[in-house]
Structures are given as structure tokens and as C-alpha cells.
Protein chains: 2
Amino acid sequence: MRYPPGVSQSDFDRAVRQFESSIGAEWVFTDEADVDLYRDAYSPLWGEEEEKIPSIALAPQSAEEVQSLMAICNEFQIPVYPVSTGKNLGYGGSAPVLTGSVVLDLKRMNRIIEVNEENAFALVEPGVSYFDLYNYIQEKGLDLWIDCPDPGWGSLIGNSLDHGVGYTVNPYRDHFEAHCGMEVVLADGDIVRTGMGALPNAETWQQYRWGYGPWMDGLFAQSNFGVVTKMGFWLSPAPEAFCSGSVQVMRYNDVHELVRITAKMMYSGILNSNAGVQSPMQFAIGQNPEMQERYERANEEDIRILDEFARSNNTPFWSSQFKFYGPREIVDSSWEYVKRQFADIDGVRYQDQESLNFPMSYEELMQTADENHLGVPSMSVFQLGNRSNFNPAGTNGHLGFSPVVPMTGEAVLESNKVLVRVLREMGGNTVFNVPPYSYHQRTFTILVGFTVTRDADTNRKTREIFRELVKVAAEHGWGEYRTHTAFMDDCAAAYSFNDNALLRLQQTLKDAIDPRGIISAGRYGIWPKHIRDTEGKGVATIKVSKEKEGDSNV
Amino acid sequence: MRYPPGVSQSDFDRAVRQFESSIGAEWVFTDEADVDLYRDAYSPLWGEEEEKIPSIALAPQSAEEVQSLMAICNEFQIPVYPVSTGKNLGYGGSAPVLTGSVVLDLKRMNRIIEVNEENAFALVEPGVSYFDLYNYIQEKGLDLWIDCPDPGWGSLIGNSLDHGVGYTVNPYRDHFEAHCGMEVVLADGDIVRTGMGALPNAETWQQYRWGYGPWMDGLFAQSNFGVVTKMGFWLSPAPEAFCSGSVQVMRYNDVHELVRITAKMMYSGILNSNAGVQSPMQFAIGQNPEMQERYERANEEDIRILDEFARSNNTPFWSSQFKFYGPREIVDSSWEYVKRQFADIDGVRYQDQESLNFPMSYEELMQTADENHLGVPSMSVFQLGNRSNFNPAGTNGHLGFSPVVPMTGEAVLESNKVLVRVLREMGGNTVFNVPPYSYHQRTFTILVGFTVTRDADTNRKTREIFRELVKVAAEHGWGEYRTHTAFMDDCAAAYSFNDNALLRLQQTLKDAIDPRGIISAGRYGIWPKHIRDTEGKGVATIKVSKEKEGDSNV
């Protein structure tokens with residue numbers, strides 16, 4: 001058995017016996033082979049001293065059991081790291097930020113407490129996955145859609161608390177935005193309901209978000225302030241129809257109008273799903289050193305030649321894809337309206353893509369361009385960069401860098417150039433590079449996926465590039481909306497206004513709400529008081545034997 | 001000069017000299033006649049010992065001045081009550097919860113720091129009113145709308161922090177929902193920027209809401225955790241057209257389908273503005289004791305006779321009004337689509353109402369049914385229940401009771417009966433009684449406006465009724481979304497799950513973030529530690545001479 005840092009072996013042995021009598025010995029995992037399942041298979045620290053390794057894992061089945069486990073951890077000041085179900089690949093999986101933390105695995109708390117069709121909401125526990133909720137809705141024949149991320153094994157609660165996102169419409173596609181009401185177990189085992197849930201017999205816990213007085217829910221996302229044991233989610237009535245199409249513009253400088261109009265359509269609510277802006281010319285430019293140089297410099301002459309190059313390729317410089325959900329007549333007239341807004345851009349082209357009417361069978365849905373965009377969870381987007389039949393030789397997963405940039409043509413150009421330059425100069429290996437995409441209502445996010453490997457030198461280089469990107473992005477005013485556990489301090493440090501006033505405030509609240517500092521030490525840069533100023537607090541004190549580094553990496 | 005409680009006269013005199021040297025003596029109001037302008041003209045405690053009276057008032061002109069004033073208050077542990085501009089009539093105006101608090105009046109901080117047309121947002125200070133922002137947009141000819149509450153003198157920041165609402169579309173009409181990013185001065189004078197504002201040179205402070213790590217913004221609404229000195233707001237591009245219409249259904253039990261379909265249209269985003277459900281039969285039933293009795297009992301026989309009564313009056317039992325904003329073709333097809341959803345309700349009627357194309361001149365806008373619904377601030381809805389040419393004899397304002405109920409026909413019937421019964425049995429005087437209305441996306445709110453007077457006995461009776469309503473509503477699982485300063489403890493007490501766990505948590509955070517307990521003592525039931533358990537802490541220690549009770553009541 002591995003021991004957590006800062007706890008004596010005799011105390012921990014006593015705590016383990018209390019855990020066992022509290023939830024049953026079969027749900028206290030102390031065997032290293034069991035606990036290794038909680039390692040991050042995509043870790044960019046794999047096998048190094050800094051790799052994040054849990055000590056043991058606990059799997060309670062109810063909020064009451066969570067309360068009693070937290071009370072024990074609080075008594076012995078044992079670091080504990082709650083996870084829900086599924087794994088947020090590319091952001092750290094279920095491995096704790098502080099090596100040696102006890103993983104509190106909430107997967108057994110998988111009750112769907114209520115799905116209300118008339119008021120279109122669900123109340124669930126952390127172990128409920130997108131698959132679970134989708135299947136429940138299908139079995140009951142409810143006229144509701146869910147909004148899911150990729151992949152579908154994730155927890156609604158976990159994804160929402162990580163500020164995860166999906167692909168249908170506002171407000172559902174921002175998973176924290178679409179939640180309403182929480183139940184939270186605090187570090188000392190006390191239990192709180194937020195929003196209207198604080199009213200006994202509450203009738204609008206999942207319907208009215210703000211409750212009475214200061215709103216607490218924000219505190220429990222991307223943080224370490226409590227263990228969320230129930231959460232409400234708004235669901236969408238199933239739409240009748242869907243259509244998608246793209247708008248293509250021919251010249252370098254058309255990006256400004258393309259993005260300006262897209263943004264206006266979004267803020268107007270006419271577009272209420274994701275859209276992005278990509279360059280069909282990107283590949284051809286990347287293959288041509290002269291054009292790449294011109295693209296990065298982009299003076300007047302360069303732009304003229306780039307436009308000619310695009311014309312000679314008969315390829316649009318930029319394109320955006322749009323999606324519409326709703327009644328057939330509104331979907332179609334919205335797309336026609338959106339097309340017309342771009343009509344003043346010389347040479348603009350349109351392409352109609354999918355046009356679907358619901359309900360569709362599961363088999364039909366799985367044959368569409370992307371079922372995730374139609375509220376159907378899947379594992380289609382999965383294992384990016386991992387060893388597989390398609391990537392047998394190679395790498396062991398991915399690592400996401402995801403800065404947020406303004407929804408302007410200028411930011412599209414600038415962020416592309418700045419990040420590409422860092423990658424080219426430092427030689428990073430990427431498995432994907434998603435161009436600016438509106439995962440959120442009013443901004444673009446760029447997603448760069450680095451490959452991770454089992455080779456420490458390669459990973460070290462990747463970490464170096466990642467940190468440089470965080471720094472360069474911050475200099476441009478762009479920050480990450482979430483990050484991998486390995487870089488939580490780095491990203492937090494970028495948010496440095498007034499001597500890191502925000503982090504200092506978060507630490508003040510952390511010390512008040514979790515005074516013994518037991519929950520998820522280090523998460524999003526927030527360390528508990530008793531080790532906050534300790535050098536090397538993020539470095540492992542636990543070694544994993546080499547033969548444990550096997551293939552159990554999903 | 002009046003002195004705040006818990007501060008020695010000599011300390012306060014020293015503090016006042018420091019205030020004066022910090023912001024200039026002309027902005028330190030110590031004269032009682034000046035300070036009385038901050039009394040709540042609509043107070044249901046007017047002239048009684050419990051009336052909430054400020055000691056002095058301070059009017060800084062910048063965040064830096066707020067920082068230095070807060071540092072002084074913190075040093076001397078002086079209770080301070082920040083207000084923005086305008087007055088939230090019916091909810092307590094600018095008078096502090098704790099009598100003797102120093103009002104921190106932010107009206108001079110009225111800079112519109114940025115209005116960005118392409119990304120449709122504004123960054124403002126607390127003294128910026130809806131009129132100010134509207135006028136700025138008109139003068140610059142920007143293609144943007146604001147969403148305003150009634151009346152338009154209010155502060156965007158103050159209204160948003162009170163969870164105020166407006167009348168255009170989601171997400172703009174929920175004023176806290178529509179904000180993005182804050183700057184906050186803490187009790188000790190430190191200054192924090194939330195969300196992406198924590199990045200120096202942030203490029204998406206007003207565009208990406210959540211920032212990195214736990215989201216702090218919720219803490220500063222309906223609370224006393226800091227002084228918000230800047231805040232971003234999302235704005236809507238100006239729509240091209242508007243239409244409105246109503247759906248009427250004939251029978252008592254039709255309310256269920258009427259509300260079910262309305263809710264579905266809202267969750268689908270086809271309806272994205274306010275709608276309510278009212279009974280055109282309400283007046284006729286109220287005038288007829290037999291029918292009123294049948295309405296409240298509502299057994300099968302009663303409902304049959306009520307339906308006959310409605311038929312003989314040729315009056316629909318229920319009606320809902322809907323509004324649509326957007327391109328002409330989408331507005332019209334949405335309204336036609338919505339109509340069709342109700343077609344299965346036997347005898348349903350439809351009425352087309354306004355149909356408008358924008359831009360319209362200001363004069364034309366002021367002749368529409370309600371300019372507030374078209375993003376034009378005004379004072380049209382104002383002085384409800386106050387003495388005026390229309391109400392010369394009478395009362396002195398109103399007091400709002402505003403519980404949130406589910407968006408179901410059952411809740412419409414039940415809440416109506418329960419609240420009407422309390423009012424009838426206790427004999428309350430109301431100036432308005434707004435039937436269930438979706439001020440928020442997924443719930444109905446009921447608004448009962450009591451008259452307030454200058455007669456203490458009448459007011460005392462009103463307070464008794466108000467408290468009974470809070471209690472009865474809570475028994476049914478309905479809580480207030482905001483409340484008057486006189487009832488903040490009463491409403492907070494209703495949110496009592498797990499021995500008031502939510503309030504206890506809020507108190508824990510309050511003690512951490514404002515350890516000397518200086519900001520807005522008692523706001524939303526949160527009292528600072530040093531007087532939390534003091535009996536009678538909410539009762540005045542300051543007397544106002546009778547001749548000061550004049551007419552300066554707006």
C-alpha cells in the first residue's frame with residue numbers, strides 16, 4: 001500500500017480501517033494494481049519522478065458515505081482527490097494533482113434521480129455518464145435531447161465542473177452554464193444545497209439558478225472547495241429538424257467580415273450553436289515555405305500573392321460551418337438569412353450540407369456527419385494520438401492546450417501566427433490543431449493537441465513547449481479555459497493582475513472552506529495553506545515499478 | 001452628524017477627516033439633510049425605531065478612491081453600505097440594512113469605459129445608468145440594443161448584482177446572466193479582477209465568462225463580499241423586427257396545456273423573451289363571492305360551473321402573451337409556429353398584436369405598447385403606489401413580494417390560490433399583483449406589490465402579512481428571488497436545508513473575505529461575525545426628527 005504525503009503510517013492505517021468500516025472493505029482499493037487504474041494513461045510525466053500517482057482509492061455509493069469519508073479524511077488531514085466517472089483525456093484523467101492523494105471515485109453514485117420532461121431537466125449523481133442519461137431518456141421515450149462532449153463515457157457533473165462543452169445549442173452546449181443547483185459535501189462532511197435547493201421541499205431547485213443571496217455554485221467548478229454529490233442540468237426539448245452548411249470566402253482579408261458577421265449572428269441568437277473559422281488553404285500554404293513566410297509576415301504584397309495563390313488553387317481562403325436546430329421552417333429560413341448576410345463579400349460561396357428531420361433511428365443517427373452534434377453520445381472521437389490499429393508504432397495519447405481568443409478576424413490571424421511560430425521554432429509534435437471554434441458563446445478557443453509518449457525526453461520537450469505557449473499566449477492577453485493537471489500552476493500564474501489578486505482571493509476562500517486543506521490540493525493552482533509555500537510540493541514521493549507501466553491506458 | 005454603531009465618536013471623527021483628505025470634503029456628506037436623501041422613501045418602517053438610516057455618505061470618483069475609503073473603513077471597523085445609482089424602489093432603495101452604516105455612493109463613477117460593437121459588449125462603472133448607456137449608443141449610432149428594467153435610472157451594475165431583470169431576449173434579460181467579468185475592491189482595499197480580467201492585457205474579459213479556476217462572480221451578487229467597481233455586460237445587436245401576440249384558452253383546465261407548451265417553446269429557444277399566464281376571468285371571479293369560493297376549492301363540479309361562467313362572459317379563462325425579436329421572416333414564422341402548437345386545445349383563440357420594423361425613431365418607440373420591451377429605458381413604470389396626481393390622498397410607495405414558482409399549470413393554480421387566501425384572510429393592501437411571469441428562463445415569478453404608507457400601524461400590519469407570505473410560500477417550496485432590506489433575515493431563514501447550511505457557508509466565506517465585517521452588514525441575511533449573534537442588531541439606534549420626513553421621497 002502507498003501512503004499519502006504528510007500523514008503518518010499509523011494514522012493512515014487507522015484511517016483505512018475507518019474507511020473500510022464506513023463503506024465496506026471491497027470499496028477501499030489499496031492494492032497497487034487496482035490503484036494504478038487511476039494513473040493518467042496520457043500523462044506527459046509518465047514514469048518520471050513528477051508523475052502524479054494516487055495512494056489508494058475509495059468508492060462510496062451515496063452522499064452519506066461521502067460525508068463520512070470526508071469526516072475521516074478531515075480528522076487525519078488526508079489529501080483526497082474526488083473524481084466522477086469517465087476520464088477527461090488530455091487534461092489529466094483521474095490522477096491527482098498532488099501525488100499520494102486518495103482518489104475518491106464517485107462512479108458508484110450513478111443514480112438518475114429525476115428527469116422531468118415538462119420542465120426539461122435532470123437531477124443526477126456524479127457517476128451518471130452521458131451514455132446513462134441518453135439511454136434513460138430513450139428507454140422512457142422522453143421528448144428530450146442531451147448535449148454531450150466527446151467522448152460519451154464522461155460524467156455530466158465532472159464535465160460541467162471542468163467547464164466542458166458540447167455541440168448542440170445555447171445554453172445547453174456550455175455544460176456549466178446549463179447546470180442548475182448543486183448538492184455539495186464540504187471538507188468536514190457537512191452538506192449544502194445551493195440555489196433554491198436550500199429551501200426544504202424546493203420546487204424550483206433545477207429551474208431557478210441563482211437562489212437567494214450570493215451564488216455559490218461557481219466556487220465548485222475547476223476548484224477544490226467541496227465534493228459535488230448532486231447537480232441539476234437543463235435539457236433541450238428534442239428539435240424537429242437540423243440543417244448545416246458552410247460559407248466560403250476567397251481572400252485573406254475576408255476573414256474580418258466572415259467573423260464579424262458570424263459573431264453578430266451568434267449574439268443575435270440566430271446562430272446558437274458552435275461555429276468556427278478554418279482555412280482550406282492552410283495545408284497548401286504549410287507545404288510551401290515561401291507562402292508560409294508570406295502568411296506569417298502578411299504585408300500588403302504578401303497578401304496579394306497569397307490571394308493569387310488561393311485563386312490558382314481554386315480554394316477559398318476561409319470557411320465557416322453553421323448549424324441550425326429547431327422547427328423545419330425556422331431552421332431553413334435561418335440558414336437562408338445567414339447566407340444573405342455574407343452576400344456583400346465578393347466571390348462568397350455557400351454549400352448546403354446536412355438536412356435532417358427527427359426523430360431518426362439510432363442507426364440513422366450514427367450515419368450522420370457527427371452524432372455528437374445531434375445529442376447522441378459515442379466514443380467516436382476517442383484515443384486521439386494513442387496507440388491503436390491506426391497508430392501502432394507510436395504515441396500514447398494527447399495533451400490539450402486550449403487558449404481563448406476574441407471572436408474577431410484579427411484575433412484569428414494573430415493567434416494562428418503566434419502559436420504556429422512557437423510550434424515551428426520549438427518543433428512540437430501535435431496530433432490535432434483545431435482552428436478557432438466557438439466552444440463558448442462569445443469567444444473562439446484554439447485547441448492544440450500534443451502527442452504524449454512513454455519517452456521522458458520527448459515529454460520533457462513537450463512540456464517545455466507547452467509552458468512557452470502559455471507564456472506567449474498570456475503576453476497576448478489569451479488565457480486557457482482549462483488545463484492538464486501538470487500545468488495548473490503555470491496557467492494560474494498567467495492570471496497575475498495585481499500581484500495574483502484572483503489566486504490570492506481563491507486561496508483565502510480555500511482556507512476558510514477547507515481549513516485543513518484536504519481536497520484536491522493544487523487543483524487549478526490552489527494549494528492548501530500548510531504546503532502552499534513548500535518547494536517541490538508538486539513532485540512525486542511515490543515510485544511505480546516499471547512493470548506496472550502496462551497497457552491499461554484507457 | 002450621526003455616528004455608526006460600534007465605532008467610538010473620536011475614531012469616527014478621525015475617519016471622517018481621512019475620508020475628506022482622501023476624496024475631498026465636498027464628497028463627504030455629513031449633514032443630516034443631505035444624508036436623509038439616502039433614506040428609503042418607500043420604507044415600510046418609515047419613522048419607526050427600526051427604520052434603516054445611514055450615518056454619513058461618501059461619493060468617490062474612482063476605484064482608487066474606493067480602495068482608499070475601504071482601507072480607512074477597515075482600519076476603524078466602520079460599517080459601509082455601497083450603492084450604485086438610481087434606487088431599487090420596493091426593495092429598500094439606498095438605505096443600509098444596518099442603521100448607521102456609511103453609504104458608499106458610487107454615482108460619480110459613471111464612466112462608460114468601452115462599448116464594443118463588433119463583439120457587442122460594454123464595460124461600465126457602477127454610476128452608469130441604463131439611460132446613460134442608451135444615450136451613448138444612440139449618440140455613437142451603434143447597432144446595439146440594451147436590455148433595461150423599469151425604471152431606467154438604475155445602474156447596470158447595481159441592477160445586475162440585485163439579480164434584476166428586463167424585457168428583451170435571452171441571455172440579456174437576466175441582468176446577472178448577461179454580465180461578463182468584474183473588478184472588485186475588497187474590504188481591505190485590495191482590488192481583484194475576475195474571469196479573464198485576471199490576465200494582464202486580457203483580450204476576452206468581457207467575452208469569456210468563467211475564466212480559470214473557481215468562478216468568483218456569483219459571490220458578489222446579493223451579498224456583502226466586496227465593492228464592484230467595473231463590470232462587463234453583453235449587449236444584443238439591434239434586431240430588425242418585433243412582433244407580439246396572445247393565445248387565449250377557454251377553460252379552467254386548459255392552463256395545463258397552455259403552460260406546458262409555453263415552457264417547451266421557451267426551453268427550445270423559439271420563445272426567448274418573457275411570457276406569462278394571466279386570467280382574463282380573474283376580475284369577474286373576484287367580484288363574485290360564489291365563483292371565488294368555487295375557484296379556490298376547484299372540485300370537478302366547481303370547475304364545470306366556472307367554465308360555464310367564463311363561457312357566459314364570452315371571456316377566455318387564461319391567456320398568454322408572446323414576443324419575438326429578430327429578422328422579419330424568422331419573427332413571423334416563429335409566431336405562426338407557436339400558434340400551431342396550441343391548435344389541439346379546443347376553442348383556442350389567437351390575437352396578433354404589435355408588428356414593428358426597426359430602426360424606429362424615439363418618438364415612434366415611445367408610442368409602442370411598452371418601450372422597455374424594445375430596449376428603451378424610461379420612467380414610465382415608476383412611483384407605483386406613491387402619492388401623485390393620480391393618487392393624491394394616498395399611499396407612499398410599494399413593497400415587492402416576489403416568489404419563484406415552477407413553470408407548470410399546477411403551480412399557477414396552486415400559487416394563485418395559496419397567496420390569494422393569505423391576502424384575503426389577512427386583509428393586505430396591494431397596489432399590483434402580477435400573475436406568473438417568466439422573468440427568468442425557466443420559472444415563473446409572482447409579484448405582489450403592497451402599498452406602504454406613513455402610518456406605522458398600517459405598515460406593521462403589512463409587514464406581518466409579508467412575513468406570513470414568506471412562510472406560507474416556503475412551506476410550498478417557493479422562495480423569493482430578491483427581497484426588501486426589511487425582510488432579508490426572514491427570507492434567508494426560509495432557505496433552511498440542513499440547519500441553514502447555505503447561510504452558514506456564506507457566513508464562513510464572509511468572515512474570510514471581510515474579516516472585520518465592514519461591508520453591508522445584514523445584506524441578504526449575512527451578518528458579520530462580531531454582531532451575528534447580537535439580539536436586535538437590525539434595530540435602529542438613530543432617530544430622525546419628524547420634520548425630516550418630508551416629500552423628498554423619490
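Quantities reported herein were computed from a predicted structural model and do not represent experimental measurements. Chain A is the first sequence line, chain B the second, and so forth, proteins listed ahead of strands; every chain is numbered from 1.
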Measuring from atom [atom1] of [X] to atom [atom2] of [Y], what distance do you get when rounded to the nearest 0.5 angstrom?
X       : Y       : atom1 : atom2 : answer
I261(B) : E118(A) : CD1   : CD    : 10.0 Å
M407(A) : Q207(B) : CE    : CD    : 9.0 Å
C180(B) : H440(A) : SG    : NE2   : 11.0 Å
F121(B) : Y267(A) : CZ    : OH    : 8.5 Å

Minimum side-chain heavy-atom gap [X]-[Y] below 4.5 Å:
X       : Y       : value
E203(B) : V404(A) : no
Y212(B) : Y524(A) : yes
Q441(A) : Y208(B) : no

(request) Answer yes when E117(A) and K264(B) have at least one side-chain N-carboxylate O distance shorter than 4.0 Å, and no when they do not. (result)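 Salt bridge: no.
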
(message) Check this for me: does any side-chain nitrogen of one of R209(A) and D174(B) sit under 4.0 Å from a carboxylate oxygen of the other?
(response)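 No, no charged N to carboxylate O under 4.0 Å.
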
(message) Please check: side-chain N/O of R442(B) versus main-chain N/O of W234(A), any donor-acceptor pairing under 3.5 Å?
(response)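 Judged by distance alone, no pair lies under 3.5 Å.
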
For chain B, which candidate among [options] shows the most heavy-atom pairs at distances under 4.5 Å?
options                            : value
I513(A), L505(A), T508(A)          : L505(A)
Y172(A), Y481(A), W210(A), W205(A) : W210(A)
P327(A), A221(A), S223(A)          : P327(A)
G326(A), C491(A), S236(A), G525(A) : C491(A)

For [X], which atoms come within 4.5 Å of any heavy atom of chain A: side chain, backbone, both, or neither?
X       : answer
D217(B) : neither
L186(B) : side chain
V405(B) : backbone
A263(B) : side chain
T408(B) : both
F220(B) : side chain
M488(B) : both

So which part of [X] gets closer than 4.5 Å to some heavy atom of chain B, the side chain, the backbone, both or neither?
X       : result
N272(A) : neither
L235(A) : backbone
F225(A) : side chain
L219(A) : both
R340(A) : side chain
A492(A) : both
E475(A) : backbone
L502(A) : both

Closest heavy-atom contact between [X] and [Y]?
X       : Y       : value
A474(B) : L199(A) : CB-CD2, 4.3 Å
N119(A) : P406(B) : OD1-CB, 4.5 Å
V192(A) : F497(B) : C-CE2, 4.3 Å
A494(A) : P200(B) : O-CD, 3.5 Å
G211(A) : Q222(B) : O-OE1, 4.1 Å
I191(B) : A501(A) : O-CB, 3.3 Å

(message) side chain to side chain contact (heavy atoms under 4.5 Å, CB included), that's the test. Do M196(B) and Y495(A) meet it? Break it down for me.
(response) CA-CA 8 Å; M196(B) 300 312 257; Y495(A) 291 80; 3.5 Å; yes

Heavy-atom pairs under 4.5 Å with chain A - which of [options] has more of them than the others?
options                            : value
T483(B), L503(B), L509(B), D499(B) : L509(B)
N170(B), D190(B), D143(B)          : D190(B)
S334(B), P171(B), P214(B), G477(B) : P214(B)
M265(B), Q206(B), R504(B)          : R504(B)

(message) Between Y337(B) and E240(A), do the side chains contain a donor N or O and an acceptor N or O under 3.5 Å apart?
(response)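 Note: E240(A) and Y337(B) side chains meet the donor-acceptor criterion.
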
